[in-house]
Amino acid sequence: QVQLVESGGGLVQPGGSLRLSCAGSGIIFSFYTMAWYRQTPGKQRELVAVTTNRGSVNYADSVKGRFTISRDNAQNTVHLQMNSLKPEDTAVYYCNADRGMEYWGQGTQVTVSS
């Protein structure tokens with residue numbers, strides 16, 4: 001059974017930082033493209049950052065220079081370091097594993113507010 005479990009969300013002031021983690025079981029991370037998505041009520045889920053199994057990374061324009069995705073295949077984890085957070089970053093953040101077949105975590109809430 002495949003499980004992706006996100007952690008690290010919470011409430012942070014504008015300009016602050018959070019580090020999200022996604023721990024996986026039931027799959028071999030090194031075979032998968034791993035990504036973080038986010039979603040706000042009434043909007044479509046959007047891609048935030050992605051890292052392929054070959055190590056290349058890409059980011060949404062809205063987070064470039066502020067967010068960093070990293071993966072530790074030995075630990076079956078992927079992280080999202082989020083700096084200089086803005087109120088518009090408020091969303092539920094989801095971990096995704098994709099190798100043709102996709103798996104999703106349950107999401108973790110990030111709220112950026114003073």
- Task: Could you tell me the separation between the CZ atom of Arg54 and the OG1 atom of Thr33, rounded to the nearest 0.5 Å?
- Result: 10.0 Å

- Query: Should the ring pair Trp104 and Tyr94 be called parallel, tilted or perpendicular, given that the plane angle runs from 0 to 90° and is split at 30 and 60?
  - Reply: perpendicular

- Within-4.5 Å side-chain heavy-atom neighbours: Glu88 and Val112: no

- Task: Scan side-chain atoms only and decide if Asn83 and Ser17 contain a donor-acceptor pair under the 3.5 Å cut-off.
- Result: yes

- What distance separates Tyr37 OH from Arg45 CZ, expressed to the nearest 0.5 Å? 9.0 Å

- Would you mind reporting whether Thr68 and Tyr59 have side-chain heavy atoms less than 4.5 Å apart? yes

- Is any side-chain heavy atom of Cys95 less than 4.5 Å from a side-chain heavy atom of Val78? yes

- Task: Rounded to the nearest 0.5 Å, what's the gap from CG on Asp72 to CE on Met34? Could you check?
- Result: 12.0 Å

- Item | Candidate list Gln75, His79, Glu6, test side-chain hydrogen bond (donor to acceptor under 3.5 Å, both in side chains), partner Ser21, passing option | His79

- With the side chain counted from C-beta on, respond yes when Ser113 and Leu11 share a heavy-atom pair under 4.5 Å apart, and no when they do not. yes

- Message: Less than 4.5 Å apart, side chain to side chain, heavy atoms only: is that true for Phe67 and Trp36?
- Response: no

- Query: Do Val5 and Ile69 sit in the same hydrophobic cluster, where Ile, Leu, Val, Met, Phe, Trp and Tyr count as joined when their side-chain heavy atoms come under 4.5 Å apart?
  - Reply: no

- Query: Are Val50 and Tyr103 linked, directly or through other ILVMFWY residues, by side chains that come within less than 4.5 angstrom of each other?
  - Reply: no

- Message: Does any part of the side chain of Phe31, heavy atoms only, come nearer than 4.5 Å to the side chain of Asn53, both counted from C-beta?
- Response: no

- Query: How about Ile27 and Leu4: do any of their side-chain heavy atoms sit closer than 4.5 Å?
  - Reply: yes

- Honestly curious: do Phe29 and Val2 fall in one hydrophobic cluster under the side-chain, below-4.5 Å linking rule? yes

- To the nearest 0.5 Å, atom OG of Ser70 lies from atom CG of Leu80 at 8.5 Å

- Minimum-distance pair of heavy atoms, taken over all atoms of Ala60 and Leu47: CB-O, 3.4 Å

- Message: side-chain contact (heavy atoms from CB on, under 4.5 Å), that's the test. Do Thr90 and Gln109 meet it? Break it down for me.
- Response: CA-CA 8 Å; Thr90 296; Gln109 176 70 47; 4.0 Å; yes

- Message: Side chains of Asp89 and Met82, heavy atoms from C-beta outward: is any pair under 4.5 Å?
- Response: no

